[in-house]
Every structure is written in C-alpha cells, then in structure tokens.
Visitor: 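Below are the structure tokens for one structure; questions will follow.
Throughout, a chain's letter reflects where its sequence line sits, starting with A, and its residues are numbered from 1. This structure is a prediction, so every number in the text was calculated from the model and none was measured.
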Amino acid sequence: MSEVKSSSARELLAYLHEKLDKHFSQLHGRRIQLDPPSPVFALEHDLDEVDYELLVNSVRTAIAEGLPSWYRTSWLPFVVYAAESGYDYVGDEYWTSFEQSAPGWHPEQRHWLKQWFSRFSTQYGGVVPTGAFAKTFTIIAWPISHAVLPTYLQRQLAQLLFEFRAGLSSELLDNLDELGERLAVRARLYSDRFRIFCQNTALLGRVAAALLSEDDEESPYLVKSTLDRLVEGLSRERASRLWLQSARQAASRIRTRGFVGPEPRSSAINATAQRQTATDPKLFLRFIDGAWSAYAELPDMTSLSERLPDVYEELRTLRGVVTGAVKAVPRGGLVFPGQEVRFGSWPDPLRPFVQLEGGSAAVNRILTDQSLISSGPWWLFRLQGAGLAIEVKGRFLRPGRSYVLIGANDLGIPPVTWLDPVPLAVQGARAYRIDVPEHLPEEDSSAIVSLGLSVLSTITIRPVGVVASSWDGEGVAEWLAGEPAIIGIKSELQPKRCLLTVDGESHFVDWPHSAIELFMSFDELGIGPHDASAIVIGDDDREIARGSLTISVRDPQVRPEHAAVGEGIRMLVSPARPTLTELWDRHATITIDSVPGSQADLLVRLTNTAGKELGQVQRKIILPIDDNGWAGLAEGIRTDRSFSNVYDEAQSCSVEVHRDGIGMASLTIERGFQALRWQFSKPDRDGLIVARLHDRTDGDDTRVAYFSVDAPLVGTNWDEGSSVALAPRGGLLRAKAGDLQLAVLAPTNPNAVLTLGKARPMVPVENRSTAGVLKYVEAHALWATAELPADPFAMHEQLEVLEAIARANASVLGGTYWATVERKLIHMADASDLLDEMQAAVGVLPPQKALAAEIGLHLYQWLEPAKLIRGFDSVIGATLTEHGVRGHPSAARFLLTLAGQPGGVMSWPPADRDYLLARIVSNAVLMRAARFAVLGTRALSNPESSGGGF
Amino acid sequence: MHLSQLTPAEASALAVRTLGLGADAVDLSSKESLAASLRRAASFMCPTSPGRLIDAVMGTIGPLIAPGDISRDGISELLDLLIAEGDLLELRHDEHGRSVRLLYLGPPSFVELEPGRYSVFGVRPFGAQLVDFELAALVAHEGHTRTVHIDSASAAERFAAAGLRPITRDRWIAAPSQENSDSLIARIKSRLDAAAGSGDIDGLQILDPVARTRYYRGRWRTPNAGDAGDYVARRPQAYGADLWCSVRLEDGRPRKVVEFPIDNPVVPARDEAWRLQMAIDAGRGKPQTYTAELINSGKSVVVRFFSPIPGFAERYLQLIGLTLDSAGALFAYRIPAAAMPDLTVFLTTMLWMKTEHPEGTP
C-alpha cells in the first residue's frame, strides 16, 4: 500500500480551474448561439457541494499565504469565490465582508479580481458590468454583476415581476433587452440599491426571463442549478414566493397562447413605431362659477427615460413649465401621475407644451416631441354630465350630443345655428356650446367639415361590459394589458356583416341577425395604441357606415406609496425621490393633501442598513400640509431627541401619514448608496468627537480635508485612514475620490460652544476679480450643500460661516465704504437700525442715490422672495444696462443670489456666470444695490419666518 | 392579438369575469356586478363626481342588459352604499378658491364583524384588485359588501400581507356624539344666526318637513313663496357632488346658509343633513320610523327602513346584521333577535327614530 499525500491548495486550484474552464467554455459556446448572444455569469459554476467546499478552502488558503504567483495561474476559482461573495453581499460593504471571510486579503490585491473578471468576459463571454454603479465602482461591480441577483435584492425583483406581469407579452419574452428596459423604468419606485442593479438592463432582462421560465424548464439564460438557487431564495418568504408564482403563471399563459396562434409581428412593430401618446396631456374643461375653465392632466413622464435614463434625473428635480398654464408644475411633479394645470391663456400648439425650467436642450427636445396637444385650430370637448367636458381628439360630433368647441379669438364664429357662445375663463380663445341636432342640414354638415370636425351619424364604437381605464366618449379608449377589450359596434341600420380592421389586419364578421349591436373582444393586444376601424356592410355589399376607435393598451400602473390622485390622502415630495439628507437638510419638501381641516397621524421611522428600526417620531397633524407647514413640522421632528439621537446612523426613513378610513400615504427615503461616508463617535467624557471616513470606493486616491468654523476656507489635509479629532464647533469634513466628493458638517460639542460664545469665522480678503469671487462662491457652496448631522448646533455654526463668506464677498465687491457698513452689521442686534446707512452707502452719484431710494422705498413690499426678484428686477434694469449687462433676463436674480447666498450662483451655466461676475466685479454699485435689497428685506422680515429666500 | 365575436350573454359573462366575479353566480346587472363596476370606474376616474361614475357604468353595462334592468336612481343608491361602507369617500376639494365635493378612493381596510368574519372595503387605484392570491378566493360578494371568512388567529397577519389596514369597529362606525334632537337643531340654528347673507341660490331644493316621512324622494321640492324657517337643502353642482346645507328661508327666498359637513370634515355632507332632518322630524313629533318583524321562530328580526339613514347607522347595521332585499321599503336588514334591544337604543338615541309597529318587536 502506498501512502497518498493530501493535495496542496495549488493542486486543488489547478484541478478546479480546469474543471471550471471546461464548464464555462461549454456554457459560452451555447450562449453565443443565442440571438442575441447571452452572457455567462461566474455564479453559474455548477459545482457540487464537495467541489465548492474545496474551492472555498483552497482560495482561502491561497489568500492566507499572500496570493503568490503560482496560485494566480489558476484564477477561475477566485472569480467564482468573488461572485459567491457578491451573491451574499447586502449592499453595504463588499470589501469588508470579503476580507473577513478570507483573512490575509489586502486592498492592493483588488486589481487582480478586476483583471480576472475582465479575462473571464473575454474568454468565456462573461457579463460586463454597465451603468453608473459600474463606472464608479470599477472593481466590485464585477463580482456583484456575476452574482446574478444578490440575495438582498431577490424580494424586490419578485415584486417587480409580479407588478409587471400584466404587461408581459410574447414579444417582450423574446426581446430581453426590451424586457430589461421596461422593467428598469418600473423600478423607479424601488430602493436605491435595487435601481442600481436594474441599471444593467441587459442583465435584468435575462435574469427576469430565466425566473419567468417554467418550473422544470432549462432556461437558455441561466444554468438550472443557479436558477433553482434563485427560485429557492425567492421562495423562502411567503410574499415573494407568491409574487414569483403569479408572474410565472402569467408568463406561462402567454407562452402557451403563443403556440396556438402567435401574434402577427406587424401589430407589435406598428405599436412600438408609433409615437408615445401615453405622455400626451389630456385636456378637459370644468364649468365653475359660470364659466368654463380649461385644464390639462399630465401623465407620469417617467416612461420617457426608458431608453435615456438621464432624462429621469431632470424630470425628478426640475419644475415643468406648461405653455399657457397659470402655475408651473412643482419640481419633480412630472414623475407623478395626475398633475393638473389650469390654463390662464389658451396653449399655443406651435410651442412646446411642457418644458423643464433650466433643463438640458436634449431633454426639453424629448418633451417637445413626446408631449403634444392637438394641433387646433379648433378643439372639441364632449360634455360628460353638466360640469365636465373631455377633449375628443378625433373631433367627431354625434347627433343628439353636446360639446364645447374652443378656438382662438381671431377665428370667426362657425356658421351654424345650433352653436352658442359660452363664457371661457381662458385668455386668447373663445368657447361655443354645440348641441348637435338629430338631423343635420346639408349646409351645417359642410360648415362642420370646414372646421376640421366630422359627424358620425349611424355607427357607434364604444367600450362595453367593463369600464375602460380611460374613454374620451368618442374615438379613444384605453384598457390595461392583460384584460380583454370588449367593444360594441352599434349601427342604426341593419347590416349584413362588418369589416373590422385592426392594425392593418382585416376580418369580415357576420352581423348577428336582427341585432343592432355587434360585440367583439380583443385579447392580448400589445402595449401601445392600436387602430381599429369598422365598415358596416348592407345586404347588397354596400357600405352603410364606417367608424374607428383607437384602442390604447397600457401597462397596469402600480400604486405609488405616496398615493394616487384619487386617494383620500396624497403626498408629494419635491424634488422627487430625494435622499435622506436632502429631505432633512431642507433641500426637499413634502406636501400632504387631503380634505381641509382633517386630522391625521404622521409617523417618521428611521432604520439602519439591515432594516432595523432605530427610532420613530409621531405627530398629530391637521391637513393639508403645504411647503411652509412642512418646514415647521420637519424642524420640530429634526430636533426631537428620538430622531436626532439616531439620525446619523440611519440609512433610510419612512414618512407615513394615515387616518383610518380616509387614506394612507408614505414615502421611503434612503440615504442612498454612498461610496464615501463619515461616521462620528459618541462624545467622550470631555465631549471630544472623532470622525472616521468609511471608504467603499475601489481606488486608493481618496483625499480628506477638514475645515474649521474659525477658518472655513482653509482645509487641513488628513490621511484617509486616520481619525479626525473634531474642534468643539464642529466644522466641515470633505472627502474626495476621483469624481466623487462628500462634504458633511461635523457635530459640535454644545457645552463647549456655549462657553466659547459666538463664532467669528475668519474669511480672508480675496482679490477683486472673477477668480477671487469664485473662491467665495465655491466655499459658500461647499458649506451650504454639506450634509447636516442631527446636531442642531452644527446648523447654527454653518449659518455663521455662510454669512461670514457672504459678508466678505460683499465687502470685496462693494468697495471700501460698503465694507465698513458690513463690519458694523456684525455687531448690530437689529439690522433695521442701519437701513438708512445702507441706503446711503449704495452710491453717491445721482442715479445711484435714486436707485438706492427706489430700493429703500419698496423693501416692505419685497418681503417674499418672488416679490423681491420681480421688484428688484424692475428697479435695477437701467443700472444693469448702463453697465453693459444685456440679454440676461436672470441678471437680477443672479445679483440677489450672489449678494445673499453666493454659493447659489454655481447653478448658473458657467458662461453666463462668468459674464455676469465680470460685470459685477467691475461695477461695485451692482453688488451694493443687491446687498442692500437682500439685507434690507431680511431686516424687515419676521425672524420666525421659515426662510427660503436670499 | 385574438379577436372574438361575442353574443350579449357571452360579453356579459366575460365582463363579470373581468370584474373578478363568478359569472355563474351573478349576472352583469346584479348588485354585486354593479358595485364592482362602480369600484372599477372609481379606481380610474377618482377624484370625480358621482354623476360621472354613474354615467360610466351605465354607458358600458347598458348595451348588454335588457332595458329597465338597471336605473340611474338604483345605481345612485348603490353608490351611496359604497360610500357608507368605506369603499369610496366623499370629500371636499378646493378648486381655485371654490369648494367642491368629489369622490375619492377609500383606503384598503378591514373590520372584524365577528371573530372569523371580516368586512373588507376600499378601492385601489388603477384597477388593481383589493386583495390578491388565496385571499381573493375567500372574498364573498353580497350586494355591495365584501366579506371574508378566515381563521381569526391568522387574519390580521394575512390581511396585513395583502395590504389591508385594520379598523376598529368603533372607528369604522364613526358615530357622532350623542345629543338630543333639540340640541342638534339649536346648534345648527346658531350657526345660521352667525352666517353671512347667502343671496339667491340656483337650483336649491329643500326637504319638506311636513311631507310624509316614509316617502323620502317625495319630500324634495323647490322652495315656495310661503316657506320660512330653517330647512335641510341641497343644490346640484355642475362639477362635483350635490352640496348639502341648512338654509334659512324667508318668503321662500334663501337668506342664510351653512354648508354640511359641519361637525366632521371627512363624512359625506348628506350624513349630517339626514341626521338634522331626523332631528327636525322628531322635534315636530313625527320621528322617522322603521319596522321590525320577527322571523325564524323569533330568532331573527327583519328591520325595514323607509328613508335613508346616515352612513354610521348603515355601518352599525352591517356589523350586527345582513342586508336583505327590501320589497316595500328603501332597505332592510336581518338582525339577530338578541341584538335588537341595542339597535333600538342606538336608533332612538342617535337618530330619534321610532318603531312603527311596536307590537312586532321582540
């Protein structure tokens, strides 16, 4: 008997590498046969338990031994090991858990993984990470993508598939890129981390298709062992098991029916080729106080970001300006369905219907193309009851029905006798009520046709049986995907048969004997609009009448957690989807709408990464809550100890408003995936707090700087790994890694701050030049946008710094005499005592004095930001022109911003900003006038007001 | 795409199935189907006016059923029941400075009727079912109501998993404070005393206090020249639900008006208006009446009502009894005889009602 020595880790790795090479090569061979080819995932290693255990032990041994070169030749086991770590990844810190599971691993070895995964993609067709996450996390994106669907995201994918099940079609199940894109758009309501996963739409489509395959079916996109593993993971929880089952059943039904009679490709192509009418507004009229008012209901525009994800970011954060509307759509409102705008003047169809204020040209172009109203010159609305009229886009009139017709003022009165002018509360247009007679004289028919309208007399095509999800009363009806569209075709005369044409495909249907109406059901229509036309034919094959209906099929919408417009309590957050810090640092606001005067319960819950509740705050509130109401409410919550004690630790929060029997709306707001995060220690006995950076980036070029309150423009550099001992006043911590930057305000030692007294931040005097001013602007922006800790004293210190920078900026730009006024203001308890001196300091030349007097005269009228902008714009215009500022309509707002919140001018396009700064640098009176307006209105404002101005 | 030609019966059956009901058990003109149609229409159209919902349902169902099988009034009454149940809400909405009342979706909720038997109500937006999966199979549709029989030990968890919030019985009933009829009348009178002048009101209709209380629809009329005093009134709105109010008339012309709801902004205006009318009728010595008839060997009582009652009373009845077809009455409930004493106290103290045939009560 000869002794058999135990195999070395090196031998085992070589054995496993060879085995994996063979497996992945075969898999790659199969996947490239697919059309389009599908990628291979490292998680699909298909190793049995014994081999996998060998792999784990061998890899750990190799790592423990320092990963010398002889181990690295057998690299496939390391790829599999890293992918398995990605599978268990919980969206927090990949490297921390990786290092803990494999002692001996060093950060400088990370590049090996990237290299091996890259080689895996070349040799075996491995999936390549894409999306913003992959750009930022150039290494860990690989193992996470190769983990297919990390455990902690599985529940959310099951839910997404469930919610999307009715939108599935045989085309989508065959076009996985499209499936992935469609699912990704729906994922906007899900967690930040899940949306990151969904950014790789190709991967998402394939994983979804594999999960939707039959129980015993081998998916071409995932090996069975991996698919079983995912399904098993999803089945552990009851809800996700049911979601997946239901989604699979829906997919199975579609596949089964596909065998019976596949849908002609033409209709799908036609549907997708058509313009996306789902993003068009719906026009309607309401009769209020004796006149018709005109409105548009705006759909959720998120679908526009289906192929251009950047669109969503602008839709989320910017205000929508609708042509002719009385008010703009609030920031982010275009990603909420059901926003209504009222028209003050009739919208010009030749102008873009909706544009984003400050939006990019590309996004506004998409909105111009994809959100259209009818072209006019006449708009027809069918009366739905006495007080509501909905636009009939097909412009069909039906005898016996009543309509409102709207046209521009300069159009003549239509020459028909059954039409009466009615009051319209909209500028630039006139309205007429039309009561169409049962029998139309020939001349009236001609007059109607000349207006671009047509009269349907003997045929009606309409939804029957089940209320359609939308129906304009004539011509356009909408159903949800997955349900039958049942229509009735009614003929006044007795036909013999009907020629029904849907998306170009014709069907002769015998008319039921002695019936006046023919009933048809359309099943499995693809998502999008479909044209249906009917020609009813008499005994002698003569055409009796013809009519048409646009059948629109849409994905079933999912109720947003903030509630739909039809619910008793609705929330709106502006901008949409803010981060935790944006919400609680007052960069986002929540409004809650409900019946005025009703009471409700507000509950704010803070949770950590694992979803464990850290703390909660409850309030009784009276609805509705507007912007100002929220500002006060949020302030109170933020200073509540139950909130502030755990805020810094929290990863997400939910804000829920509810009243039994009336409604419930909530928002889940996450801190967001942060590659860089500061963590603060609890104060020690002396109140000392230490800050430490958690760096989750892959790189090693992170730089850390600490700015004190006393010298807010001077950053002290620290080593990334070291702890920063904080000064009692806190300060600002900045970490930079490549393009990433994180600035946070540090908490204070309140007792020490009370002892130290008021802060006196030292802001150096910069050159009076554009570059010099930009130093103030950038510093102000850094301090103004830094994330706030829970500590309320930190915000106080921040305000001191911001005002010191604004003061220094104004002193440099306003000149020596103005600087004296600024210095006096530091010591004034009530700035209104210095109003006369400020006015005098604006200038000594007659026009300057006149300007100052004009400003001084209006200060009381300008206490609201909007009024200040308008008023200041009207008085500064001549001075701007005199100093060469022309063609910049936002110059007054820029001046006020630079005077009050200098960091705010960073949001101007750089070219405009530099142009205006150059003029202001060389004309001191501009800054003096603006600063006087800002400080004067501040001095006269109620100190308890919630702010939000300059 | 699959295209099928349907007979009216087939189209009706398909519609019933699409509404999530069993086509073998109910037809399209049944109360169950009509209630489901109203809920579906509301899920897409809310906020909207009652009239528009009724139009939508009549417009789609009408072509498939025999003339006369459904009426606008019938659907309107059914809609009132859905509001009383909590499926829909009638709430005030400010339309650029003007108050209108519109219908909104009630939140998905459940209330325990008795251990193991639950009423589920509310409407989800966008046509989504109230409950999915196994729970959907357990929902019994009876008239406008939906009940679920389920093991009480696991009920809360299963309803929570389905996204339904619990409501306690008292909160669901949401009865107003108890007060006597004179006090309520005096309270509203003092509101009218303090109200500003109303001017003329278009379309005003009043509930005639001297008309027969058993014929509710017949009590509505326009004000006459001799009318003077405080009346319950309503006025139709071009946009939105009817506005209900208490109006002070002099020579048949309105002088002052206060809008309902006054006590609770989230109840339908008519609930407070109806209760006031019941107080006025009681104050005149002509209280509104109901009948109670013993059946089932004295174990149950059929309680019949001839005028509408506020939603809180509807919900109370639903908690203790079952709705019945109501020949000869506006609506009726079957109540266990043991629950009758409490019901009598409730109807007497909250609505000042009297039994018309005391000898029939247990």
Visitor: Let me know if B:L3 has heavy atoms under 4.5 Å from chain A in its side chain, its backbone, both or neither.
Guide: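 Contact with chain A: backbone and side chain both.
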Visitor: Using non-hydrogen atoms only, which part of A:R286 is less than 4.5 Å away from chain B: side chain, backbone, both, or neither?
Guide: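 Contact with chain B: side chain only.
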Visitor: Heavy-atom distances under 4.5 Å only: say whether A:D593 touches chain B with side chain, backbone, both or neither.
Guide: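 Neither part.
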Visitor: Quick one: which of B:L91, B:I61, B:L14 has the most heavy-atom pairs under 4.5 Å with chain A, could you say?
Guide: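 Result: the option with the highest number of such pairs is B:L14.
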Visitor: With a 4.5 Å cut-off on heavy-atom pairs, point out which of A:Q599, A:Q245, A:M520, A:M664 contacts chain B the most.
Guide: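 It is A:M520.
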Visitor: Considering only heavy atoms, which portion of B:D202 lies under 4.5 Å from any heavy atom of chain A: side chain, backbone, both, or neither?
Guide: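 The answer is neither part of B:D202.
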Visitor: Heavy-atom distance under 4.5 Å to chain B: side chain of A:E517, backbone, both or neither?
Guide: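 The side chain, not the backbone.
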Visitor: Considering only heavy atoms, which portion of B:P108 lies under 4.5 Å from any heavy atom of chain A: side chain, backbone, both, or neither?
Guide: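 No part of B:P108 comes within 4.5 Å of chain A.
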Visitor: Taking every heavy-atom pair that is under 4.5 Å apart, which of A:G488, A:G338, A:P484 has the most such pairs with chain B?
Guide: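 Option with the greatest count: A:P484.
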Visitor: Go through the atoms of B:A128 and report whether side chain, backbone, both or neither lie under 4.5 Å from a heavy atom of chain A.
Guide: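 Neither; nothing under 4.5 Å.
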Visitor: Between A:V565 and B:C46, which heavy-atom pair has the shortest distance, and what is it?
Guide: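 That closest heavy-atom pairing would be CG2-O, 4.2 Å.
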Visitor: Given heavy-atom pairs under 4.5 angstrom as the criterion, report whether the side chain, backbone, both or neither of A:I551 touches chain B.
Guide: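 For A:I551, neither part sits under 4.5 Å from chain B.
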Visitor: Check whether B:R40 reaches the backbone of A:V466 with its side chain - one donor and one acceptor, N or O, closer than 3.5 Å.
Guide: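 No; zero donor-acceptor contacts below 3.5 Å.
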Visitor: I need the residue from A:E483, A:Q384, A:H658 with the largest number of non-hydrogen atom pairs under 4.5 Å to chain B.
Guide: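 Of the options given, most contacts go to A:H658.
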Visitor: Measure B:S12 against the heavy atoms of chain A and call it side chain, backbone, both or neither at under 4.5 Å.
Guide: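 Answer is neither: B:S12 stays 4.5 Å or more from chain A.
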Visitor: Against chain B, label A:I486 side chain, backbone, both or neither, depending on which of its atoms sit under 4.5 Å from a heavy atom there.
Guide: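 For A:I486, the contact with chain B is made by the side chain alone.
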Visitor: Under a 4.5 Å heavy-atom cutoff, which of A:G568, A:P596, A:S470, A:S594 has the most pairs with chain B?
Guide: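 Heavy-atom pairs under 4.5 Å are most numerous for A:P596.
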Visitor: Any idea which of B:V266, B:L19, B:I167 has the most non-hydrogen atom pairs under 4.5 angstrom with chain A?
Guide: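 Answer, by heavy-atom pair count under 4.5 Å with chain A: B:V266.
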Visitor: Could you go step by step and tell me if B:R52 and A:I390 meet the side chain to side chain contact (heavy atoms under 4.5 Å, CB included) rule?
Guide: CA-CA 12 Å; B:R52 202 163 166 241; A:I390 294 177; 2.8 Å; yes
Visitor: Between B:Q5 (side chain) and A:D510 (backbone), is there a donor-acceptor pair under 3.5 Å?
Guide: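 Looks like yes, one N/O pair under 3.5 Å.
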Visitor: What part of A:A468 gets within 4.5 angstrom of chain B, counting heavy atoms only: side chain, backbone, both, or neither?
Guide: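 Only the backbone of A:A468 comes within 4.5 Å of chain B.
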Visitor: B:L28 versus chain A, heavy atoms under 4.5 Å apart: side chain, backbone, both or neither?
Guide: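 It is the side chain, since no backbone atom gets that close.
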Visitor: Against chain B, label A:I516 side chain, backbone, both or neither, depending on which of its atoms sit under 4.5 Å from a heavy atom there.
Guide: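 When you check distances to chain B, no heavy atom of A:I516 falls under 4.5 Å.
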Visitor: Is A:L500 close to chain B through its backbone or its side chain, or both, or neither, when contacts mean heavy atoms under 4.5 Å?
Guide: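 When you check distances to chain B, only side chain atoms of A:L500 fall under 4.5 Å.
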Visitor: Are any non-hydrogen side-chain atoms of B:P63 and A:R462 less than 4.5 angstrom apart?
Guide: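 They are in contact (side-chain heavy atoms under 4.5 Å apart), so the answer is yes.
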Visitor: So what's closer than 4.5 Å to chain A heavy atoms on B:P125: side chain, backbone, both or neither?
Guide: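 Interface part for B:P125: side chain.
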Visitor: Does the side chain of B:T60 come within less than 4.5 Å of A:W471's, by heavy atoms?
Guide: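 No, too far: nothing below the 4.5 Å cut-off.
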Visitor: So which of B:R92, B:R171, B:R165 has the largest heavy-atom pair count under 4.5 angstrom toward chain A?
Guide: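 Going by pairs under 4.5 Å, I would pick B:R165.
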